[in-house]
There are 2 protein chains.
Amino acid sequence: MADDTPLRADAQRNRQRLLAAAEEVFVERGADASMEDVAKRAGVGIGTLYRRFPTREALLAAAYSERFLRLAADSQARSAALTPLAALRAYLHDLVVQTTVYRGLATSLGAMLQSGTPGCDATSKEGRRLLRSAQTAGAVRRDVTFDDLVVVATATSLATEHARSPKPRTEHLIGLFLDGICPRGGREVEAAPRTRGH
Amino acid sequence: MADDTPLRADAQRNRQRLLAAAEEVFVERGADASMEDVAKRAGVGIGTLYRRFPTREALLAAAYSERFLRLAADSQARSAALTPLAALRAYLHDLVVQTTVYRGLATSLGAMLQSGTPGCDATSKEGRRLLRSAQTAGAVRRDVTFDDLVVVATATSLATEHARSPKPRTEHLIGLFLDGICPRGGREVEAAPRTRGH
DNA sequence: ACCTGAACACCGTTCAAGT
DNA sequence: ACCTGAACACCGTTCAAGT
């Protein structure tokens, strides 16, 4: 499956250029931007793009990997200082925000998280960790799966893409969904450190 | 805005043929089927299709109108015999199922409900009615909007489209979201008629 | 081994010609 | 008023020729 044959120097350079170009173009024109635009921006032939990234999904996932690596690292860094539920909420928030940086990406979030990219694996793993932790703490129902969380993030991103004021709408929807995830017994006690929440 | 000029007889006939053809083609090939396929199936020129339905969204919404009319009527017919919350749940379920009959439709559900088609208006109106009723009964939080419900339906449809066993997943997700919508105080008493729930 | 870009296929959309 | 379909534009993808 994994082809670890190292690339020739020029091929490696082209790969990097393509990724940088893809990042730019996707941010500007959305996830359905023209592949030729990407190749042009990278200064390579269209054939080279297809040689490195056989499908648009592959290119998207690769271009996204860095963002997702950062997301996972950020989440890990802060999670110890937060309630399991608060950490999960922050994670979901970040996931939604990141999914919004390329327009039209929301629909492919699920597929992307399964692409095997280092970044995707990292944020997927981190998400499962947070979910498990929140469930162990009794803050989240046991019948909730990570896929459910992805659905929630997808829906929120989708709604947010077309909204006039995305920020509060994101908070509102995540709040709605998380409350739904809490067990009936009542909320977990928020005993963890707080920097004076409003 | 509304152009009520009656169509010439042949134009009217072509319109009907286009709608019937669109319904078939969208069911078979999904919401992103080729417009030319639709025209071919209807036995008219491609130009005629564009004359009647200037955008794909317009054609989709028109083809969908009947389905949505039925959905709204069904919901009204049964809602009196159900708890407000149960009626809302059944409505959401139907909405998800209907949104799944054309593959790739989930993403446009929000836009479609604003298309002004009789069917869209009817199911939108019905949804708002059920939501209001459930909120009055204290079964749903006051800060939930109809748009929130559309987001939920979109997300569930999206997840369901790609799922191996759509039925239970749909139930699971709707259950999850509805629980989230319930106020903390506890659930509304389910005193309404029941045909021996499981 | 890799790169290039012309060539092919396909689709959406328009519009001049026809009834 | 309406219909038709050729024509145009655009994009994804392949592959023969070249380094």
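These values consider heavy atoms only, across backbone and side chains, with no hydrogens, waters or symmetry-generated copies. Proteins come first, then strands; the chains are lettered A, B, ... in the order of their sequence lines, and each starts at number 1. Only a predicted model underlies this, so the values are computations on that prediction, with no experimental measurement involved.
Listed nucleotides: C:dC2, D:dT13, D:dC2. Nearest to the side chain of A:Ile46: D:dT13. Listed nucleotides: D:dC2, C:dG12, D:dT14. Nearest to the side chain of B:Arg56: C:dG12. Of the candidate nucleotides C:dC2, D:dT4, C:dT13, C:dT13 has the atom lying nearest to any side-chain atom of B:Tyr50.
Ring geometry for B:Tyr102 versus B:Tyr64: interplanar angle over 60°, hence perpendicular rather than tilted (30 to 60°).
Under the 4.0 Å criterion applied to side-chain N and carboxylate O atoms, B:Asp10 and B:Arg15 are not assigned as salt-bridge partners. No salt bridge links B:Arg70 with B:Asp94; every basic N to acidic carboxylate O contact stays at or beyond 4.0 Å. With salt bridges taken as basic N to acidic carboxylate O contacts below 4.0 Å, one links A:Arg41 and A:Glu28. In summary, A:Arg103 and A:Asp32 do not engage in a salt bridge, as defined by a charged side-chain N under 4.0 Å from a carboxylate O.
Spacing between atom NZ of B:Lys40 and atom P of D:dG5 amounts to 11 Å, rounded to whole angstrom units. We find that CG of A:Leu59 is positioned 11 Å from P of D:dG12, with the value rounded to whole Å. Whole-Å rounding puts the B:Glu57 CD to C:dT13 P distance at 11 Å. Computed from coordinates, the A:Leu7 CG to C:dC3 C1' distance equals 13 Å when rounded to whole Å.
Without hydrogens or angle criteria, A:Thr117 side chain to A:Gly119 main chain gives no donor-acceptor distance under 3.5 Å.
Defined by atom type and a distance below 3.5 Å, a donor-acceptor pair is present between the side-chain atoms of A:Ser79 and A:Arg129.
Between A:Arg8 and C:dC2 there is no side-chain N or O to OP1 or OP2 distance below 4.0 Å. Side-chain N/O atoms of A:Arg51 include none lying less than 4.0 angstrom from OP1 or OP2 on D:dC15.
Across every strand in view, D:dG5 sits in a pair with C:dC15 that passes the Watson-Crick or G-U test at under 3.5 angstrom.
For the pair B:Asp10 and B:Glu36, both in contact range of DNA chain D, the more 5′-proximal nearest nucleotide belongs to B:Asp10.
Shown for residues 11-35 of chain A: residues whose heavy atoms fall under 4.0 angstrom of DNA chain D, namely A:Ala33, A:Ser34, A:Met35.
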